[in-house]
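All chains are named by letter (A, B, ...) in the order of the sequence lines, taking the proteins before the strands, and each is independently numbered beginning at 1.
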Number of protein chains: 2
Amino acid sequence: MSVVHTYSDNEKILVSIDCIIFGFDQNQLNLLLFKRKIDPFKGEWSLVGSFVNPEEDVQNAAVRVLQEYTGIDEIFMEPLAWYGDVDRDPGGRVISMAYYSLVRIDESKVIKADSYQAKWFAIDEIPPLILDHDQMVQDALDKLRRKARYEPIGFELLPEKFTLPHLKRFYDAIYQKDLDRRNFRKKIISMGILTKLDEKDKSTSKKGAYLYQFDADKYEELRSKGFNFVI
Amino acid sequence: MSVVHTYSDNEKILVSIDCIIFGFDQNQLNLLLFKRKIDPFKGEWSLVGSFVNPEEDVQNAAVRVLQEYTGIDEIFMEPLAWYGDVDRDPGGRVISMAYYSLVRIDESKVIKADSYQAKWFAIDEIPPLILDHDQMVQDALDKLRRKARYEPIGFELLPEKFTLPHLKRFYDAIYQKDLDRRNFRKKIISMGILTKLDEKDKSTSKKGAYLYQFDADKYEELRSKGFNFVI
DNA sequence: TCAAAAGTGTTCAAGTTACACCCATGT
DNA sequence: ACATGGGTGTAACTTGAACACTTTTGA
């Protein structure tokens with residue numbers, strides 16, 4: 001009994017990955033969508049995805065797709081969920097694994113928007129998507145909201161240098177409410193994971209707001225001592 | 001261009017599910033393991049699993065396996081993660097999706113322990129497992145610990161009727177520390193999701209401890225009003 | 001000079017932690 | 001009668017929520 005043939009009685013299935021790509025501009029959470037290039041549903045709005053090759057790790061398929069479509073090398077990406085119902089795709093039996101990823105819109109200019117007909121959509125203006133992609137987006141949003149509370153992943157969506165009002169607008173968007181400016185400041189500053197810079201950003205006010213940077217090393221150091229990020 | 005043949009250029013892959021089955025006795029978190037019946041690694045300790053049939057939903061494959069091996073119909077089960085590296089299984093390219101599930105040990109007597117050589121292992125006495133099953137167990141443990149804090153899933157592991165000391169022992173085991181008896185009581189009782197019964201359980205003390213039941217309806221009602229379970 | 005956003009401190013309520021003694025009962 | 005685990009209350013502390021005024025500067 002050869003090992004190689006051990007599993008040969010079992011039937012194989014098509015496997016794909018889909019990527020939910022979030023961005024954040026000054027006020028709004030955004031989602032990157034593409035016009036589908038293959039049938040069925042050719043020309044309709046869709047997440048980006050790809051079939052998984054038998055010779056590549058599932059995760060590599062996602063990295064490959066994200067690089068190809070956003071042009072970004074080091075992209076924040078996490079597994080979300082799989083979608084495995086028999087009839088989820090009228091094109092055939094396909095099990096899809098979804099990754100959500102967070103990108104800085106300002107770094108992703110390299111997206112081949114023209115050739116792929118890619119477009120950023122504000123989160124409350126997303127058009128109907130193919131298959132169960134609406135569900136995937138909803139699941140990704142839920143996960144992002146939950147995760148943003150307990151881990152400093154919001155910084156993945158902001159520019160390297162950001163102002164506290166900008167950061168607050170991110171949490172306002174995530175929570176769909178207006179946090180108290182003073183309490184927010186107090187809390188985030190007291191964590192000691194931000195570095196205040198001497199520069200100001202004047203793009204949203206005359207007075208200008210100080211720029212800050214997220215200190216990932218400091219965060220790791222604190223975390224190893226039991227610190228928990230919570231907003 | 002027929003829809004059915006749209007995806008036919010792409011290669012299929014073997015897909016399986018694996019189940020991490022947790023139980024809890026009086027003091028210990030336990031894991032149900034089985035001796036593997038097929039090569040490679042025949043006879044070694046393993047999670048239960050199965051290949052996914054092209055005609056069944058992924059989730060149904062997990063339900064099928066859990067029913068078959070534990071004899072329990074309505075089992076608590078949630079998706080955990082997928083494991084998709086090319087070389088994770090020397091028997092062939094197999095992508096596995098793992099579900100973790102919580103069972104009441106007292107309800108699972110029907111497990112066909114003899115024919116399957118199944119055995120409950122205390123969580124700190126788990127033997128080496130095949131493939132990446134050790135990793136799966138670790139991931140499931142992490143998820144269970146995180147989840148047990150914010151959702152009342154601990155009750156899935158306890159008998160229908162349980163004492164507060166018993167419940168506390170569950171959280172002690174999860175957190176690996178000794179919570180304060182009085183504060184624990186105060187907190188869990190004040191949530192208003194437990195029903196106190198008139199019976200006592202004397203199996204662990206002479207005085208006996210009152211039995212309680214989890215009130216799922218009440219919990220749902222409170223949750224819809226914004227209540228958050230946190231221990 | 002004024003409109004618009006940025007920055008700052010204090011008070012109060014609520015929740016969490018720490019902690020010590022009595023109760024019931026089987027042996 | 002005593003050892004063992006079960007049950008209860010209170011005070012100190014920490015954390016989160018609410019809230020108003022001053023500063024800067026471009027137009």
>> For B:D57, give me all partners under side-chain contact (heavy atoms from CB on, under 4.5 Å), at least two apart in sequence or on another chain.
In response: A:D85, A:V86, B:N60
>> Going 5' to 3' along DNA chain D, which are the first and last nucleotides with any atom under 4.0 Å from a heavy atom of chain A?
In response: D:dG16 to D:dG26
> For A:T204, which contact category applies under a 4.0 Å heavy-atom criterion: base, sugar-phosphate, or nothing?
Replying inline: sugar-phosphate
> Does B:R182 have any side-chain contact (heavy atoms from CB on, under 4.5 Å) partners at least two apart in sequence or in another chain, and if so, which?
Replying inline: B:D180
>> Per the salt bridge (Lys or Arg N to Asp or Glu O under 4.0 Å) rule, what does the pair list look like for residues 214-224 of chain B, sequence neighbours excluded?
In response: B:E220-B:R223, B:E221-B:K225
> From the 5' end of DNA chain C to its 3' end, which nucleotides mark the outer limits of contact with chain B, defined by a 4.0 Å heavy-atom distance cut-off (strictly under)?
Replying inline: C:dT16 to C:dG26
>> Quick test of your reading: applying side chain to side chain donor-acceptor pair (under 3.5 Å), list the pairs with at least one residue in residues 122-143 of chain B, sequence neighbours left out, ordered by first then second residue.
In response: B:Y83-B:D139, B:R88-B:D132, B:Q135-B:D139, B:Q138-B:D142
>> According to salt bridge (Lys or Arg N to Asp or Glu O under 4.0 Å), does anything in residues 159-170 of chain A pair up with another residue at least two apart or in another chain? List the pairs.
In response: A:R104-A:E160, A:K161-A:E199, A:K168-A:D172, A:K168-A:D178
Got a list of side-chain donor-acceptor pairs under 3.5 Å for residues 145-152 of chain A, not counting sequence neighbours?
unit_1	atom_1	unit_2	atom_2	d
A:R145	NE	A:I174	O	2.8
A:K147	NZ	A:E78	OE1	2.9
A:K147	NZ	A:E78	OE2	3.3
A:R149	NE	A:Y175	OH	3.2
A:R149	NE	A:I231	O	3.0

>> Taking ring-ring contact (aromatic ring centres under 6.0 Å, His included) as the definition, give me every residue that meets it alongside B:F229, ordered by chain and number, with sequence neighbours left out.
In response: none
> Quick one: side chain to side chain donor-acceptor pair (under 3.5 Å) partners of B:S16, sequence neighbours excluded?
Replying inline: B:S96
For residues 185-192 of chain B, which side-chain N or O atoms pair as donor and acceptor with protein atoms under 3.5 Å away, sequence neighbours left out?
unit_1	atom_1	unit_2	atom_2	d
B:K186	NZ	B:N183	OD1	3.1
B:S190	OG	B:K186	O	3.2
B:S190	OG	B:K187	O	2.8

>> Counting only heavy atoms and a strict 4.0 angstrom limit, can you tell me which residues of residues 179-203 of chain A come near DNA chain C?
In response: A:R181, A:R182, A:R185, A:K186
>> Please compare B:K207 and A:Y212 by the position of their nearest nucleotide in DNA chain C and report the one closer to 5'.
In response: A:Y212
>> Parallel, tilted or perpendicular, judged at 30° and 60°: which one describes the rings of B:F155 and B:F162?
In response: tilted
